[in-house]
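Structure record follows, encoded as structure tokens.
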Amino acid sequence: MAESDPRIKGAPLPRCPGTSVRDLMLADTNPVPEFLYTDEYENLGSDPIPASRYTSPEFFELEKQKMWPRTWQFAAREEELPEPGDHVVYENVGKSFLLIRQEDGSVRAFANVCLHRGRKLKTGDGWSAELQCPFHGFTWNNDGSIKQIPCRWDFSHLKDEEMSLPEISVGRWAGYIFIREAADGPTLDAFLAPMPEHFKRWRQEECATAMWVGKVVPANWKVVMEAFMESWHTVVTHPQLLPFTGDANSMYNIYGDYVNLTVTPFGTMSPHVDPTDKAEQWIVDEFVKYNGRSSDNYEDKEAAAGGYNVKVPEGVSARAALGASLRDTTTAMFGHDVSFASDAEMMDALLYNVFPNFSPWAGFQPNIVYRWRPWHDVDHCLMEVRVLTRVPPGQAHPKAPPMKFLSVDQKWTEAPELGILGDVFEQDMENLPHVQTGLKASLNNKVQLANYQEIQIRQFQNTIMKYINGDL
């Protein structure tokens, strides 16, 4: 979006001094999709956000009643229920739903509640030939139709056509399965736009969940989610990333009410680093040293770091050298030819956020996927981290592993499969619980946001209020 775009109303496009995302991508080894360096910025104002949105039990209840039932929620990946009869239990803000693979390959979703006395039909994921309540034995077929009513003579008032499990909408895209409780609202494609068009290139339907870790965080779900919607906290919270991360040079795009994109360039120094005596090889060495250090992760050392012996030829940038190495190692590891991919798509943090709580990384590297859900009250949430990897051509998609649930006392670093991500998340944990208690202690009830680098937080906060006020 040009700086003169009327939506900006004459205001200059905020930009940290130094090399921009556009500059880096126009110098890329291979062509970069234009949408990855085209600004989509709209000045949404500078009014403070009330701190009580993060701390008020009353506001939490409004979200439960007016927002969550009306949004498309990422509930599962296709590889979690590959065979007919496989089911996934998805729960959020007191609701429980069953997603079940049907004989024709479709997925349907039902309220996970027995229509007799209200017991949950399933308490975990698995496979079932039928859905039988463990309490009295009321039984449903996997398509939600009633199969058996025990002691039928005593239920003459019940009609089969009235005993089907309540069904909710299911949407599927790129290997992700979404549900929505409300019957009306935008289609999934409209809700996700422009992601379906953008992701055609990256084909995440060819990917499968390789690892999955979750942990309850003592902070409101929005506090935790919003920590991943801006990169400029890196300079203080994640200083080890600065030698190879253009943190403050990130581009922040917003698309309507539901989607935004952060592009944070890697293979380039942070503008906070003094460039004196810092050669391109130094950037690469710092990137490889950090990403390739000890880890038990399946590809942390090779795919993430691009190998250990990356040399920068004379006249070549660190980004170009790393991009070439990553293309070679990724093609060799997963069997998909990515020789056409840009350096940006091989290394940059291309993070899409989908309202209200789903954030997949894009590009051709193993993709991180985040999800945040409220956990019982306003002060806690469940943070989940997946990594998707490419399934080699000709191989069947493996079934997703179960989520490793870290206990309250465990650190993210106690999930070795996360590799270096565990260290980064632990640094975030040094902030987030104290953000929650700080917001509760606020005397002015105000959260101030940057006009550009925190525009995505404001976008999502505005969308929440549209739901609360009945505008969506």
Side-chain angles (χ1 to χ4, degrees), residues 16 18-19 21 24 211 213 215 217 224 226-250 262-297 299-310 312 317-319 321-323 325-326 329 343-344 346-351 359 361 363 365-368 370 383 385 387 406 410-435 453:
C16 178
T19 305
V21 165
L24 289 169
M211 54 77 58
V213 181
K215 178 176 171 59
V217 181
V224 184
E226 290 170 2
F228 293 81
M229 294 175 75
E230 48 86 4
S231 296
W232 72 288
H233 69 278
T234 300
V235 63
V236 174
T237 303
H238 312 298
Q240 75 277 14
L241 306 181
L242 297 179
F244 50 84
T245 305
D247 56 333
N249 296 128
S250 297
T262 302
V263 178
T264 299
F266 288 162
T268 185
M269 279 185 290
S270 165
H272 298 107
V273 172
D274 182 354
T276 305
D277 299 326
K278 304 294 194 304
E280 295 294 300
Q281 185 65 54
W282 179 81
I283 299 173
V284 169
D285 291 345
E286 290 295 310
F287 181 89
V288 172
K289 179 173 66 176
Y290 180 71
N291 287 277
R293 64 191 178 78
S294 62
S295 169
D296 296 329
N297 200 3
E299 75 247 327
D300 213 23
K301 295 179 180 178
E302 290 297 324
Y308 288 107
N309 191 28
V310 181
V312 182
S317 69
R319 280 175 64 83
L322 284 168
S325 179
L326 288 164
T329 55
D343 304 331
M346 297 308 303
M347 76 178 77
D348 290 348
L350 311 175
L351 178 60
S359 300
W361 285 46
Q365 277 286 62
N367 301 107
I368 304 167
Y370 300 120
M383 175 175 168
V385 182
V387 173
L406 297 175
Q410 287 182 295
K411 296 181 179 294
W412 288 99
T413 49
E414 294 181 57
E417 59 267 45
L418 286 173
I420 58 173
L421 290 175
D423 299 291
V424 174
F425 297 151
E426 275 306 306
Q427 290 175 317
D428 289 314
M429 294 307 112
E430 289 296 317
N431 294 323
L432 299 178
H434 300 295
V435 172
Q453 293 182 102

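Scope of the values below: all heavy atoms of this structure, side chains included, with no hydrogens, waters or symmetry mates.
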With a 4.5 Å cut-off on side-chain heavy atoms, are Asp348 and Arg319 touching?
yes
Is there side-chain contact between Glu230 and Thr262, with at least one heavy-atom pair below 4.5 Å?
no
What's the spacing between Ser317 OG and Leu24 CG if we round to 0.5 Å?
8.5 Å
Taking the side chain as C-beta and beyond, is there a heavy-atom pair between Leu351 and Met229 under 4.5 Å?
no
Here the gap from Asp277 atom CG to Trp282 atom CH2, rounded to the nearest 0.5 Å, amounts to 11.0 Å
Val310 versus Ala321, closest heavy-atom pair with distance:
CG1-O, 3.9 Å
What is the ring orientation for His233 with His238, classed by angle as parallel under 30°, tilted 30 to 60°, or perpendicular over 60°?
perpendicular
Do the side chain of Thr237 and the main chain of Thr234 share a donor and acceptor less than 3.5 angstrom apart?
no
Can you find a heavy atom in the side chain of Trp412 that is under 4.5 Å from one in the side chain of Met383?
yes
Between Ala248 and Gln453, the two heavy atoms sitting closest are CA-OE1, 3.9 Å
Please round to the nearest 0.5 Å and tell me the distance separating atom CG of Leu242 and atom OH of Tyr290.
11.0 Å
Val284 vs Glu286 side-chain heavy atoms within contact, under 4.5 Å:
no
Any chance the side chains of Thr245 and Asp247 put a donor and an acceptor closer than 3.5 Å?
no
Do Val385 and Tyr370 come within less than 4.5 Å of each other through their side chains, counting heavy atoms only?
yes
Might you point out which heavy atoms bring Thr264 and Ser231 nearest each other, and give the distance in Å?
OG1-OG, 2.6 Å
State, yes or no, whether a side-chain contact exists between Pro243 and Ile283 at a heavy-atom distance under 4.5 Å.
no
Residues Lys411, Glu414: salt bridge by 4.0 Å N-O rule
no
Without hydrogens or angle criteria, can the side chains of Asp423 and Gln427 be said to hold a donor-acceptor pair below 3.5 Å?
no
Roughly how far, to the nearest 0.5 Å, is OG1 of Thr268 from CD of Glu280?
7.5 Å
Does Met269 offer a backbone N or O that forms a donor-acceptor pair with the side chain of Lys278 under 3.5 Å?
no
Nearest 0.5 angstrom please: Thr413 OG1 to Leu421 CG, how far?
12.0 Å
Mind listing the closest non-hydrogen atom pair of Gly323 and Asp343 along with its distance?
CA-OD1, 3.5 Å
In the structure I gave you, are the side-chain heavy atoms of Asp428 and Phe228 within less than 4.5 Å of one another anywhere?
yes
Atom CH2 of Trp232 and atom OG of Ser270: how far apart are they, to the nearest 0.5 Å?
12.5 Å
Ignoring hydrogens and angles, tell me if any N or O in the side chain of Gln365 forms a donor-acceptor pair with the backbone of Leu326 under 3.5 Å.
no
Any idea which heavy atoms bring Pro265 and Val21 closest together, and the distance?
CD-CG2, 4.1 Å
